[in-house]
Number of protein chains: 2
Amino acid sequence: MPMSTLTAEAEIEVRRSRKGEQTADRILDAAEALFAEHGYEGTTLRDVAAAVGIRTPSLYNHFESKDALYSAVLERGLRPVRELLDEFAKSRPDDRTDSSIVEGIMDILSQRPDIARLVQHETLTGGRRLTGMLRAWIQPLFESSADMVVNSPVPIPWTAEQVPLLILALYHVIIGFFTMAPFYKEMMGEDLLAEEGLALQTAFVRELVDRLFVDPKLLSEDSGTR
Amino acid sequence: MPMSTLTAEAEIEVRRSRKGEQTADRILDAAEALFAEHGYEGTTLRDVAAAVGIRTPSLYNHFESKDALYSAVLERGLRPVRELLDEFAKSRPDDRTDSSIVEGIMDILSQRPDIARLVQHETLTGGRRLTGMLRAWIQPLFESSADMVVNSPVPIPWTAEQVPLLILALYHVIIGFFTMAPFYKEMMGEDLLAEEGLALQTAFVRELVDRLFVDPKLLSEDSGTR
DNA sequence: CAGCAAAACTAACAGCAGTTAGTTAATGCC
DNA sequence: GGCATTAACTAACTGCTGTTAGTTTTGCTG
């Protein structure tokens with residue numbers, strides 16, 4: 001009975017989209033927030049369940065383990081980033097601008113600051129859970145970015161050795177802003193993740209990129225590059 | 001018997017410096033490395049004891065709890081930073097250069113990269129354990145740095161609103177380098193914490209500071225500022 | 001409305017966490 | 001060398017963790 005199998009599967013999918021996936025999403029939301037704040041080991045499944053409003057074993061109706069839940073959180077959170085990078089990789093080198101990725105990532109992280117903190121937790125603990133995911137994208141991205149900068153038609157005011165450090169620095173400026181925001185708010189009283197702060201930071205990063213990638217010696221002849 | 005009390009205390013101190021403090025230091029070393037890599041919750045006292053080569057309960061002869069051990073690690077690790085900041089606060093404003101703190105911190109973190117990762121773990125989880133320590137130094141440092149930059153005799157090519165973001169960015173460039181180094185090594189195969197990499201990064205940061213704090217429009221008249 | 005799967009629940013378990021009590025070995029001083 | 005104190009050890013406990021088994025409720029479909 002091959003047909004009944006097929007329809008059964010179809011039915012399951014339909015139903016899941018009704019209620020099952022709804023709570024699965026709620027679980028992912030809660031888990032994302034908790035993992036982002038307390039890290040993997042610091043987050044308990046009881047906390048996740050409590051945040052969702054269900055009992056702990058019910059989580060296992062949607063995810064087969066804590067590890068699988070964490071992976072799902074990471075997968076869902078990083079999907080927009082992956083798509084952005086894929087798009088970038090497919091694009092013609094001529095169409096790429098210095099800040100196309102930069103601003104794209106700023107947008108993504110602005111909408112979901114927890115992602116930034118998740119990634120930071122990962123890289124801090126050695127990124128062993130990112131192996132299959134981020135590592136596969138980050139490494140080529142990093143290398144191609146370096147190539148791109150080095151082989152840029154416009155002369156870059158940095159040596160080839162410095163380019164990886166420059167990319168690393170830019171990465172930290174961007175992602176660090178989001179990871180530090182809650183701490184900054186508690187310390188300084190100002191919420192950097194509010195609309196105003198985000199706009200300020202976006203403009204700041206844009207200006208930073210401009211200033212770091214344009215040789216100051218060439219500034220007199222062409223002031224408005226981008 | 002007040003005298004005997006005094007001599008008894010003195011004796012204890014002398015003895016502690018013989019052997020007790022030796023293993024206490026070994027415990028701190030092992031704990032620092034483990035906390036830096038796995039965070040507070042991800043580190044078990046059994047792991048610490050095993051790394052030292054003793055049984056778990058023996059740790060309690062030197063530290064009264066896991067929390068106390070962690071605080072001691074943080075305290076010892078941040079002492080050089082605190083001393084640097086104190087010195088900076090006492091110095092006459094005229095003697096301060098843009099990069100005096102920057103290079104000092106680079107030196108400290110170069111010798112003990114784990115400190116950087118410890119601090120990152122803290123700020124990621126909200127920095128609740130830093131309350132009494134770092135927060136008391138960081139906040140004034142941050143504010144005075146901002147004031148210093150804004151009121152600089154040399155015109156700064158950033159608006160007053162952008163200055164906190166600039167300081168934050170610099171902070172992340174410096175500390176992020178050390179937290180990312182192990183991950184970078186695993187990904188790219190190159191050890192940034194080796195002598196060569198450190199020298200490169202130090203020079204890079206120095207150049208970055210120069211480039212970010214000097215108005216490019218003024219560059220023609222004075223090229224070798226520092 | 002009957003039936004059925006999905007998803008909630010309760011009860012419970014094995015393992016490991018931090019920690020304590022009580023004991024033995026090591027260490028430095030008179 | 002005897003003695004006091006520190007610091008190692010073994011044994012054990014409580015509480016919490018992720019996880020499983022078995023049961024009841026929910027929500028959709030024919």
Side-chain angles (χ1 to χ4, degrees), chain A residues 1 3-31 34-35 37-73 129, chain B residues 1 3-31 34-35 37-73 129:
Chain A
M1 26 185 140
M3 201 184 76
S4 70
T5 314
L6 191 68
T7 46
E9 281 174 4
E11 272 178 30
I12 290 173
E13 252 192 29
V14 170
R15 280 200 201 161
R16 289 204 91 193
S17 68
R18 296 285 153 84
K19 178 174 182 197
E21 289 214 338
Q22 237 176 68
T23 65
D25 277 345
R26 279 167 53 215
I27 292 173
L28 285 173
D29 288 339
L34 288 168
F35 282 139
E37 184 163 2
H38 305 112
Y40 181 80
E41 323 269 0
T43 301
T44 160
L45 289 185
R46 280 161 175 80
D47 291 342
V48 175
V52 176
I54 61 179
R55 305 282 195 242
T56 314
S58 299
L59 296 174
Y60 286 81
N61 287 323
H62 304 274
F63 304 95
E64 66 178 359
S65 69
K66 184 186 182 183
D67 223 84
L69 171 59
Y70 185 76
S71 289
V73 167
R129 290 172 198 283
Chain B
M1 28 187 137
M3 200 184 77
S4 72
T5 313
L6 190 69
T7 46
E9 282 174 3
E11 272 178 31
I12 290 172
E13 253 194 27
V14 170
R15 276 196 207 164
R16 289 204 90 194
S17 67
R18 295 286 153 80
K19 178 175 182 192
E21 288 212 339
Q22 237 177 69
T23 65
D25 278 344
R26 280 167 54 214
I27 293 173
L28 285 172
D29 288 339
L34 288 168
F35 282 139
E37 185 164 2
H38 305 111
Y40 181 81
E41 324 269 0
T43 302
T44 161
L45 289 185
R46 282 161 174 79
D47 292 342
V48 175
V52 177
I54 60 179
R55 305 285 194 235
T56 314
S58 300
L59 296 175
Y60 286 82
N61 287 323
H62 304 274
F63 304 94
E64 66 178 359
S65 70
K66 184 185 183 183
D67 223 84
L69 171 60
Y70 185 76
S71 291
V73 167
R129 289 172 198 284

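Quick caveat: nothing in here was measured; it's all calculated off a predicted structure. To find a chain, count down the sequence lines: A is the first, B the second, and so on, and within it residues start at 1.
A sub-4.0 Å separation between OP1 or OP2 of dG18(D) and a side-chain N or O of T56(A) is absent. Using a 4.0 Å cut-off, no side-chain N or O of T23(A) falls inside it from OP1 or OP2 of dA7(C).
Rounded to whole angstrom, the span from the CD atom of E64(A) across to the P atom of dT19(D) amounts to 10 Å. Atom CD in Q22(B) sits about 14 Å away from atom C1' in dT6(D), given to the nearest Å. One can place OH of Y70(A) at 17 Å from C1' of dG18(D), the figure rounded to the nearest angstrom. If you measure from atom NZ of K66(A) to atom P of dG18(D), you get 4 Å, rounded to the nearest angstrom. Going from atom CG of L59(B) over to atom C1' of dT20(C) covers 14 Å, rounded to whole Å. As a whole-Å value, the separation of H62(B) NE2 from dA8(D) C1' is 8 Å. Between R46(B) atom CZ and dA11(D) atom C1' there is a gap of 12 Å when expressed in whole angstrom units. Rounded to an integer number of Å, the gap from CG of L45(B) to P of dT20(C) is 11 Å.
We find the OG1-NZ distance between T43(A) and K66(A) to be 6.5 Å, quoted to the nearest 0.5 Å. Distance check, rounded to the nearest 0.5 Å: CD1 of I27(B) to CG of L59(B) gives 5.0 Å.
Side-chain atoms of Y60(A) lie closest to dT20(D) of the nucleotides dA7(D), dC9(C), dT20(D). Distances from the side chain of S58(B) to the nucleotides dA17(C), dC9(D), dA7(C) place dC9(D) closest. For I54(B), the listed nucleotide lying nearest its side chain is dA8(D); candidates were dG18(D), dA8(C), dA8(D).
Taking the six-membered ring where tryptophan is involved, the planes of Y70(B) and F35(B) are perpendicular, since the angle between them exceeds 60° and thus also 30°.
A 4.5 Å side-chain heavy-atom check between T23(A) and I54(A) finds every atom pair outside the cut-off.
Residue-level contact check: S65(B) touches the backbone only, with heavy atoms under 4.0 Å from sugar-phosphate atoms and none from bases.
Side-chain atoms of T56(B) never come within 3.5 Å of backbone atoms of L45(B) as a donor-acceptor pair (strictly under, hydrogens ignored).
Side-chain to base pairing of N61(A) with dA8(C): one donor and one acceptor N or O lie within less than 3.5 Å of each other.
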